[in-house]
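One structure is given here, and the rest of the page talks about it.
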Amino acid sequence: MLLGVNIDHVATLRNARGGIEPSVIKAAEIAEENGATSITTHLREDRRHIKDEDVYTLIKTLKTRLNLEMAMADDIQKIALEIKPHSICLVPEKRQEITTEGGLDVAGQTEKVSEFIKPILDAGIIVSLFIDPDEAQVKASAKTGAQFIEMHTGTYSEMFGTDKEEVEFLKLKNSAELAQSLGLTVNAGHGLNYQNVKRMHEIPGLFELNIGHSIISRAVFTGLPEAVCTMAELIK
Ligand code: PXP
């Protein structure tokens, strides 16, 4: 398994004072030097953390891959087509949410999703759909032309250590198996930390885990090199 590091919360900290510190560009560089195989950023419609200039710079400075998380918004699609990240991950977005809540409803809008991602695929950018580990969502995703799904691990992460952990874990395992049988490559992420990440090894064939909050939080105490390195070791 590979580790994609989400650096959004370095930008959250930077924006708290409106200046340039800490640098998301430097954070990406350190993450890459310590085991990240890609860098993820979510260019939200309200630009609450990552800003346009961040992605325009990252695309030039990254040594690995840029995975751009984005909603189905025309202005963000335009930016994606201009900078051409290695991949985009389509996520649902609500203005008032603190973080991405739940997966994209691909089953309820399969045609709309297919149409939205078509120019992105035509530009040679890999498309991943961030969905809940649910049979209908996986089957619908396979019909859109997207090559990847990213399974939302938020509920599993929340239920980790409780009597609901197993049910949530099995949803992930079964969805990954179904997706792979339909020709999709499977990533996972959201809410993963240094404890609950270990069970991801029980899901065969997972390609990459995208992890942000727990790594940036640990980095406050241990430094970013150690935080990335330890996570990379756990999932290797
Ligand atoms: N994957 C997706 C699609 C996300 O939206 C997020 C949060 O931005 C993550 C992964 C990373 O989640 P976390 O910050 O909880 O590790």
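When a ligand or atom number is given, it counts from 1 through the structure's own listing order. What you see is a predicted model, and the numbers here were worked out from it, not measured in a lab.
- The aromatic rings of Phe130 and His152 lie parallel to each other, their planes meeting at an angle below 30°, with 60° marking the opposite boundary.
- Ligand 1 lies within reach of Gly191, whose nearest heavy atom is under 4.0 Å from it.
- Remark: ligand 1 and His213 share an N or O pair separated by less than 3.5 Å (distance only, no angle test).
- Short contacts between ligand 1 and Asn210, defined as distances under 4.0 Å to a heavy atom of the residue, involve ligand atoms 10 (C), 11 (C).
- In this structure, the side chains of Glu150 and Leu129 stay at 4.5 Å or more apart for every pair of heavy atoms.
- Contact annotation: for Glu150 versus ligand 1, heavy atoms closer than 4.0 Å belong to the side chain alone.
- Of the charged side-chain nitrogens involved, at least one lies within less than 4.0 Å of a carboxylate oxygen, so that Arg47 and Asp52 count as a salt-bridged pair.
- In terms of polar-atom proximity, defined here as any N/O pair under 3.5 Å, Gly212 does make such a contact with ligand 1.
- Counting heavy atoms closer than 4.0 Å to ligand 1, residue Glu69 contributes side-chain atoms (C-beta onward) but none from N, CA, C or O.
- Phe160 does not carry Arg199 over the face of its six-membered ring by the limits of under 6.0 Å from the centre and within 45° of the normal.
- Side chain of Glu165 to main chain of Ser157: no donor-acceptor pair is present (N/O by atom type, distance under 3.5 Å, no hydrogens or angles).
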Does Lys78 form a salt bridge (Lys or Arg N to Asp or Glu O under 4.0 Å) with Glu82? I'd like the steps, not just the answer. CA-CA 6 Å; Lys78 205 166 151 239; Glu82 193 185 332; over 6 Å; no

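- Atoms of ligand 1 lying under 4.0 Å from any heavy atom of Val91, numbered from 1 in the order shown and given with element: 3 (C).
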